[in-house]
Novice: 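This is the structure I want to talk about, given as structure tokens.
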Amino acid sequence: MTTPAIDRALHERLANAIRSLAMDGVEQAKSGHPGLPMGAADVATVLFTRILKYDAAEPRWPDRDRFVLSAGHGSMLIYALLYLTGTPGLELEDLKKFRQLESKTPGHPENFMTAGVETTTGPLGQGLATAVGMAMAERMLAAEFGRKLVDHKTYVLASDGDLMEGISQEAIALAGHQKLNKLIVFWDDNGISIDGPLSISDSVDQVARFKACGWKAERVDGHDPDAIEAAVRRAQKSNKPTLIACKTVIGFGAPKKAGTSKAHGEPLGAEELAAAKKALGITGGPFEVAADVLKAWRGFGATGFAERKDWNARLAALSERKRSEFERRLSLTPPAKLAKALVAHKKALAASPVTVATRKASELALEAIMPMMPELVMGSADLTPSNNTRTKAAEDFTPKTPKGRYVRYGIREHGMAAAMNGITLHGGFRTAGGTFLVFADYARPSMRLAALMGLPVVYVMTHDSIGLGEDGPTHQPVEQIASLRAMPNMRVLRPADAIETAEAWQIALERTDGPTVLALSRQNLTPVRTDGTATNRSAKGAYELLAAEGGKVQVSLFASGSEVEIAVAARKLLAEKGIRARVVSVPALELLLEQDEATKAAIIGDAPIKIAVEAAVRFGWDGVIGADGGFVGMSSFGASGPYKEVYKHFGITPEAVAEAAIKRHNG
Ligand SMILES: Cc1ncc(C[n+]2csc(CCOP(=O)(O)OP(=O)(O)O)c2C)c(N)n1
């Protein structure tokens, strides 16, 4: 981008417009965080007037530079920038509704509420770690479609809190290892957090830390626009990601509160606000921006217009096939041939059934999926041989092999989950990453953001119960399935055999509005499905696997995953006692509960006895079996031992299920 000359006086007026709007927005809302936008206004102004490739008129332009405000509490900074640069849909009126219900200016930036917000931030550290995924996706997409279509950078503004959070270590280590040189992070080094000066809780040398992780890192005066610009220009030439530590004053301009934690998270108050405006030379009433300043800002907002037009011309010049593939990829639409490939795979499994763990079944499904989905980026947090996430033809994604679609995340579950959010948000890729189900807890904050943002990320979470055996209770998930089911918009699929696993993958990949956990077994499972039907029988969350025979149903047995075969065996034991039972396979409990009443009632049925079997806690099953239903599962942590013995120890066996039914039957 060619930069029109900006003298210091103009720069200050541009930056002060941000400060002014941030102070007014927080004051009007009677809550919010003025300190960060005021302190980081110079950095943001340099970025948006001299550096960033963007056209405010089209915040979705695929080749725009990304800007992530990792310190989401400073949201007025981004709202002010979007308004000043002229992003459509964000008016002064919206700034006046800061933090109000349904406004486009919520307390923390939400990408689904506000055009121009790249990702939802607020939980500190997430934005930075998400940006790593964005930078990875940029490199991958450029390798595939070429620099004429994909050539942009990812900029982050991070606060002390972002860098203190543990996830930052996973993120920067990953970025450094991958040499993501188009990732540039500004650290708002103001030495203040909520409790007071940072010195009361932290003494990390961040520049040294980033350097140790393979970054270029330097310090600048965060109020000197030319120094900031020069640092960015150096960063752009680096073959490493860059940290620019910008020494700033929190609440810059507020006479009494600047430089103190008082400026962090509360309105300045009328008196201090007036004094700050006076000190900064800001005239005019609340939310007023001088006409010439607004005009200048709008000019900067439009400087990318020509570049975007050129880009559009390059896109239009592509062959029809390449262009439509690029557009399909950006829209995250799965390829039409995916369903067909999975049906063929199911047919093959029906013809020659395999007794395998569902983690292995997942690998078999992936062998069918990968050739259909060049956009599917797989990976694992150092559990590749356990998660079975890597197909035979896979190539690792490394700085030298940017076309590789397999990411070695290292032992960084949280960093992986956040990076997967970034890969998905960037566009062009779908992604799935593996770890043990119990370690979902290590990834949960990013999984929660995926659910909130509606990102169709897939988590391949193997070793999904006490069925993992010897590794014992530290590794045996008990409450994870229920807790993930409890998360709004998170879908948990726990398939029972190889055919259900193929169906689970299809459901996960055809979903475009939210994430999916695939809970997969370590232990081998007997096939319960012998049909290779084209219909996805798991799609409603549950279906009748085996009907009751010989008369009216007396017992309904509901089970998921590895416990379906236990329910099937229990049905047989009950039949021997003259009790008629049916088995309902429930690969996705929440999906079943989301069905309309009639569908749900038909699947759940009206047998007088309802029993659920799942090697996990009962929480959530009452929606199917009722509060008076029977449950065979876990109510404590697991235990270390060979898995068949562990199952016996906790009473999760066909005999125990049959016994529970007989007890109720005999009343
Ligand atoms: C994971 C997480 N923990 C805690 C918080 C609450 N919180 C918001 S800002 C903040 C720290 C503020 O310090 P800093 O990051 O330096 O921001 P600044 O004071 O410079 O605005 C905290 C603890 C949060 N948003 N996310």
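Order of appearance sets the numbers: ligands from 1, and atoms from 1 within every ligand.
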Novice: Counting only heavy atoms closer than 4.0 Å, does ligand 1 sit against the backbone of M164, its side chain, both, or neither?
Specialist: neither
Novice: With heavy-atom distances below 4.0 Å as the criterion, list the atoms of ligand 1 near S159.
Specialist: 14 (P), 15 (O), 17 (O)
Novice: Between ligand 1 and P123, can you find any atom pair, the residue atom being a heavy atom, that is separated by under 4.0 Å?
Specialist: yes
Novice: Checking side-chain polar atoms at under 3.5 Å, does T119 have a donor or acceptor matched by the opposite partner on N111?
Specialist: no
Novice: Under a 4.0 Å N-O cut-off, is there an ion pair linking R50 with D226?
Specialist: yes
Novice: Without hydrogens or angle criteria, can the side chains of N16 and R13 be said to hold a donor-acceptor pair below 3.5 Å?
Specialist: no
Novice: So, D162 versus S159: side-chain donor-acceptor pair below 3.5 Å or not?
Specialist: yes
Novice: Considering the heavy atoms of I250, write down every atom of ligand 1 situated less than 4.0 Å from one of them.
Specialist: 18 (P), 19 (O), 20 (O), 21 (O)
Novice: Could you tell me, atom by atom, which parts of ligand 1 come under 4.0 Å of a heavy atom of E165?
Specialist: 1 (C), 2 (C), 3 (N)
Novice: Under 4.0 Å from ligand 1, counting heavy atoms only, is it the side chain of L198, its backbone, both or neither?
Specialist: neither
Novice: If we only consider heavy atoms of H33, is any one of them less than 4.0 Å away from an atom in ligand 1?
Specialist: no
Novice: Which of the atoms in ligand 1, numbered in the order shown and given with their element, are less than 4.0 Å from a heavy-atom of G161?
Specialist: 14 (P), 15 (O), 16 (O)
Novice: Any N or O of S193 that comes nearer than 3.5 Å to an N or O of ligand 1?
Specialist: no
Novice: Under 3.5 Å between some N or O of ligand 1 and some N or O of L36?
Specialist: no
Novice: Do the ring planes of H152 and H426 sit parallel (below 30°), tilted (30 to 60°) or perpendicular (above 60°)?
Specialist: parallel
Novice: Verify whether one side chain among T462 and N387 offers a donor that lies under 3.5 Å from an acceptor in the other.
Specialist: yes
Novice: Heavy-atom pairs closer than 4.0 Å: do any link ligand 1 to the side chain of N190, the backbone, both, or neither?
Specialist: side chain
Novice: Got an N/O contact under 3.5 Å between H264 and ligand 1?
Specialist: yes
Novice: Heavy atoms of the protein only: does one fall short of 4.0 Å from atom 6 (C) of ligand 1?
Specialist: no
Novice: To the nearest 0.1 Å, how far is atom 17 (O) of ligand 1 from its closest protein heavy atom, and which atom is that?
Specialist: H73 NE2, 3.2 Å
Novice: Please state whether G122 comes within less than 4.0 angstrom of ligand 1, counting heavy atoms only.
Specialist: yes
Novice: Applying the side chain to side chain contact (heavy atoms under 4.5 Å, CB included) criterion to K153, which one of V232, D65, L183, I51 satisfies it?
Specialist: D65
Novice: Mind checking whether H108 and H33 have parallel, tilted or perpendicular rings, split at 30° and 60°?
Specialist: tilted
Novice: Looking only at distances, can you tell me whether any N or O atom of L124, backbone or side chain, sits closer than 3.5 Å to an N or O atom of ligand 1?
Specialist: yes
Novice: Could you tell me whether Y54 and F67 have their ring centroids closer than 6.0 angstrom?
Specialist: no
Novice: Compute both the distance and the angle, then confirm whether R298 meets the cation-pi test with Y83: under 6.0 Å from the six-membered ring centre, within 45 degrees of the axis.
Specialist: yes
Novice: Answer with yes or no whether the side chains of S193 and D160 bring together a donor and an acceptor at under 3.5 Å.
Specialist: no
Novice: From atom 22 (C) of ligand 1, work out which of I194, I192, D160 has a heavy atom at the shortest distance.
Specialist: I194
